[in-house]
Asks: 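Got a structure for you, written out below as structure tokens; questions coming shortly.
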2 protein chains.
Amino acid sequence: MDTPKSKNITIKNIKKGINVKTIAELANVSPVTVSRILRGKNKRITKTTEKIKSIAQQLGYKKNLIARSLKTGKSWSIGVLISEINSSFFPEIIDGIESVLYKKGYGMILANTHENPEIEAQGLHNFVSRQVNGIIISPIIDNINEQYFWELKQREIPLVVIDRKYPFVQCDFVGVEDKLGAKNGVNYLIKSGHIKIGMLTGPLNSYTGKERLEGYKEALMENGIEFKKRYIVEGSYVNLINIGIEKGKELIQKSPDITAIFCGTDETAIGVIKYLKKIGKKIPEDISILGFGDLPIATMVEPQLTTIKQPLYEIGKQAALLLCEKIEETNKNEKQTILLKTELIIRESTKKIINSSIK
Amino acid sequence: MDTPKSKNITIKNIKKGINVKTIAELANVSPVTVSRILRGKNKRITKTTEKIKSIAQQLGYKKNLIARSLKTGKSWSIGVLISEINSSFFPEIIDGIESVLYKKGYGMILANTHENPEIEAQGLHNFVSRQVNGIIISPIIDNINEQYFWELKQREIPLVVIDRKYPFVQCDFVGVEDKLGAKNGVNYLIKSGHIKIGMLTGPLNSYTGKERLEGYKEALMENGIEFKKRYIVEGSYVNLINIGIEKGKELIQKSPDITAIFCGTDETAIGVIKYLKKIGKKIPEDISILGFGDLPIATMVEPQLTTIKQPLYEIGKQAALLLCEKIEETNKNEKQTILLKTELIIRESTKKIINSSIK
DNA sequence: TTGTATGCGTTATCAT
DNA sequence: ATGATAACGCATACAA
């Protein structure tokens, strides 16, 4: 290895201030040459090539991505804005997102809105300030930050929306077939002999809440079953277990005749089961329970939950892939909607009934 | 509002290229003045102050944090490196971290090692490249990236380790009183009359796995109960439910006489319960089960889990606060270790026994 | 292949 | 309070 000729490089520089200039001085070449060689822009390997690589290695040189970003206009970072990291829903999506971004070399800046519109606005603002090359967002339910989407468009920052489709703006979207999934699930209940089927919906000001209710309605309609409002109770997406307990109670008291309940999420389903057990009902013997999501807990509880599986990891992966295509401009399509398939997972919380009045 | 005098600002500039220079030209001042005013460095409010703020507002100017970082040497970003985002453990910690960082104005760059040492090394490398001002890390179990810690020290990048203490390097650490928590839990079992207490440990090459086993041993010792190797089975930190089922079986077959099992995590506890139920055992009547963690699932399963609560959100919060102190140099202390208190949460999976041979 | 000149957007410094 | 100059670290364009 070369012993670099003594120059006026201070200890301090060696410890934390190693840059192309430092290396250039030590190697007696210009900074540009160092930059080129370290980026592999020179094809032939010469003495200088090796010398410079060796020095960089010894000094622990790491490229300054901030400086590179400023020069090249590409930050290699992606903003991910979700509503609640501390949930059983988003972490798997983030895992999927990160798996793609990591491979492509993008860094992920994560922010959490807690369903607060001001924080959402601030988060998007920060992303712009940080010059992100793209954004993945799961908008808050009461999406009132419409102007921000427009602004991102003006700045030509690609945006992919996940989970909750934004109703008023055309955008790239990745989600699941909420409506069809719900419909298939309820169809299964109907085929199992259930007619009086209750539903504990998600919040009906949310995309997924509405879609899943639609699916429920469609399944009833296609089977000639009348839709009754008293079989419906609206839930929310916070404090899910307790919502399940409360609203499950409300539903049963309003409509004690139901033989099955379709719940908008696995967690509310678990809450409902908790309540039903408490009042002495047996699941699925007395009442069948159908969840939505297939979260890990679905197999931990008893009875194990029959539910509609959402491919969370895949949502994240597809969203990140789509975003990268938009960034790299390899995908010139107009705004597109990717709906991933759901899958009905039949476990223990649902049961066929035979003595149905119609059957 | 001022109508800015017509200058040669193109539409394209207005859309995405608004910077201090653009605003300066429109306001007939120098870029420096714009910069100062937008940063609030001028105390007196003059016509120009308002004029510039108004123009910036109208044009949707957002500061370029990349450029500012390069100039000021402060990136306002923090790297967070964890082993598995898709778990019931880290998301809450991240929530705690983010709550602090958001308030202070730092962005969070998140990366996921999946317990892979190469990805961990790469992740730290990326953080350095991105000029992060600090790092929070939960190291992989077989921590072989020791040189990286040294390198970060050389670069004077503050580092806070969470959850898994790094054994060979002195570092700032935030975790919980694993040993004491485990000891208190096992003490509770002993006070409830249990003597033959099995343990399904975490991986014993991990800090937490070792500490919790230590706590178990100490509790036995202090109560004059002999430690028996055949009461111990080693688990891992992946695929936890199945590990619980498998290793629970192994433990019961090895030592059918045990009346209680202390599990290294809530999830393995749930796995163990699953297995025990399958072979017809009743919980807690036949065997008491004690978990560790108090994850949300602890109250969803049946019986609800008696467990040792780890304050996850608080771990994240304290780690972020400590990191910020180190960055802002308001905390000049040597490397410090913060151990948060655990809490024994008594629920339904444990029971007193009376016909103990000693009692 | 190598080097010179220049600029990315911002701010620190020094002067006015 | 304002402005002129320079610099952060890197990479592009052009010339040699």
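Computed over heavy atoms, backbone and side chain alike; hydrogens, waters and symmetry mates excluded. Letters A, B, ... mirror the listed sequences (proteins, then strands); counts begin at 1.
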Asks: Which residue pairs pass the salt bridge (charged side-chain N to carboxylate O under 4.0 Å, His left out) test with at least one member in residues 315-324 of chain A, sequence neighbours excluded?
Replies: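 Those involving residues 315-324 of chain A do not exist here.
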Asks: When you compare the side chains of A:Tyr313 and A:Ser99, does any donor N or O come within less than 3.5 Å of an acceptor on the partner?
Replies: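 Side chains of A:Tyr313 and A:Ser99: pair found under 3.5 Å.
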Asks: Specify the separation, in whole Å, of atom NZ of B:Lys51 and atom C1' of D:dA1.
Replies: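 Roughly 15 Å, once rounded to whole Å.
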Asks: Considering only residues two or more places apart or on different chains, which pairs with a residue in residues 57-77 of chain A satisfy salt bridge (charged side-chain N to carboxylate O under 4.0 Å, His left out)?
Replies: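 Passing the test, one end in residues 57-77 of chain A: A:Lys62-B:Glu151.
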Asks: Rounded to the Å, how far apart are B:Arg39 CZ and D:dT2 C1'?
Replies: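 These atoms are roughly 13 Å apart.
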Asks: Checking B:Ala111 now: which residues fulfil side chain to side chain contact (heavy atoms under 4.5 Å, CB included) with it, not counting sequence neighbours?
Replies: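 Scan of B:Ala111 (side chain to side chain contact (heavy atoms under 4.5 Å, CB included), adjacent residues dropped) gives A:Glu98, B:Leu81, B:Phe127.
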Asks: Please list each protein N or O that sits under 3.5 Å from an N or O in nucleotides 3-7 of chain D, with the distance.
Replies:
from, atom 1, to, atom 2, distance (Å)
D:dG3, OP2, B:Ser30, N, 3.0
D:dG3, OP2, B:Ser30, OG, 3.4
D:dG3, OP2, B:Thr33, OG1, 2.5
D:dG3, N7, B:Arg36, NH2, 2.7
D:dG3, O6, B:Arg36, NH1, 3.1
D:dA7, N3, B:Lys71, NZ, 3.3

Asks: Hey, does B:Lys21 reach any base, or is it just sugar-phosphate, or nothing, if we go heavy atoms under 4.0 Å?
Replies: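 No contact at all - B:Lys21 keeps every heavy atom at 4.0 Å or more from the nucleic acid.
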Asks: Excluding sequence neighbours, so at least two apart, what forms side chain to side chain contact (heavy atoms under 4.5 Å, CB included) with B:Thr33?
Replies: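 Side chain to side chain contact (heavy atoms under 4.5 Å, CB included) check on B:Thr33 returns B:Val29, B:Ser30, B:Arg36, B:Ile37, B:Ile52.
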Asks: Working note: B:Glu325 + B:Lys104, criterion salt bridge (charged side-chain N to carboxylate O under 4.0 Å, His left out); need CA distance, chi angles, decisive distance, verdict.
Replies: CA-CA 11 Å; B:Glu325 287 174 9; B:Lys104 300 244 180 188; over 6 Å; no
Asks: Check the distance between C:dT11's C1' and B:Ile37's CD1 and give it to me in whole angstrom.
Replies: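 Spelled out: CD1 on B:Ile37 to C1' on C:dT11 is 15 Å.
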Asks: Heavy atom of residues 61-70 of chain A under 4.0 Å from DNA chain C: which residues?
Replies: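 Heavy-atom contacts with DNA chain C come from A:Leu70.
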Asks: What integer distance in Å separates B:Leu38:CG from C:dT10:P?
Replies: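 Atom CG in B:Leu38 sits about 9 Å away from atom P in C:dT10.
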Asks: Could I get the full list of side chain to side chain contact (heavy atoms under 4.5 Å, CB included) partners for B:Leu152, not counting sequence neighbours?
Replies: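 Side chain to side chain contact (heavy atoms under 4.5 Å, CB included) check on B:Leu152 returns B:Leu124, B:Val128, B:Ile135, B:Ile157, B:Leu159.
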Asks: Which nucleotide in the list D:dT2, C:dT2, C:dT11 gets nearest to the side chain of B:Thr72?
Replies: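 Out of D:dT2, C:dT2, C:dT11, the nucleotide with an atom closest to B:Thr72's side chain is C:dT11.
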Asks: For A:Glu50, which residues count as a salt bridge (Lys or Arg N to Asp or Glu O under 4.0 Å) partner, sequence neighbours excluded?
Replies: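 Partners of A:Glu50 under the salt bridge (Lys or Arg N to Asp or Glu O under 4.0 Å) test: none.
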Asks: Let me know the distance between NZ of B:Lys74 and C1' of C:dG9, rounded to the nearest Å.
Replies: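 Going from NZ in B:Lys74 over to C1' in C:dG9 covers 20 Å.
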Asks: Once you round it to whole Å, what is the distance between P of D:dC8 and CH2 of B:Trp76?
Replies: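 Rounded to whole Å, this separation is 22 Å.
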Asks: If we fit an axis to the first five pairs and another to the last five of the helix from C:dT1-D:dA16 to C:dT16-D:dA1, what angle do they make, to the nearest 10°?
Replies: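 Rounded to the nearest 10 degrees, the bend comes out at 30°.
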Asks: Who passes side chain to side chain contact (heavy atoms under 4.5 Å, CB included) against A:Asn19, sequence neighbours left out?
Replies: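 Only A:Lys21, A:Thr22 meet the side chain to side chain contact (heavy atoms under 4.5 Å, CB included) criterion with A:Asn19.
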Asks: The criterion is salt bridge (Lys or Arg N to Asp or Glu O under 4.0 Å); which residues satisfy it with A:Asp172, sequence neighbours excluded?
Replies: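 A:Asp172 satisfies salt bridge (Lys or Arg N to Asp or Glu O under 4.0 Å) with A:Lys326 only.
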Asks: In chain order, what residues pass the ring pair (Phe, Tyr, Trp, His ring centres under 6.0 Å) check against A:Phe173, with sequence neighbours excluded?
Replies: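 Partners of A:Phe173 under the ring pair (Phe, Tyr, Trp, His ring centres under 6.0 Å) test: A:Tyr207.
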Asks: In whole Å, what is the span from the CZ atom of B:Arg44 to the C1' atom of D:dA1?
Replies: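 Going from CZ in B:Arg44 over to C1' in D:dA1 covers 8 Å.
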Asks: Please give, in whole Å, the distance from D:dA11 C1' to A:Asn19 CG?
Replies: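 Rounded to the whole Å, the gap is 14 Å.
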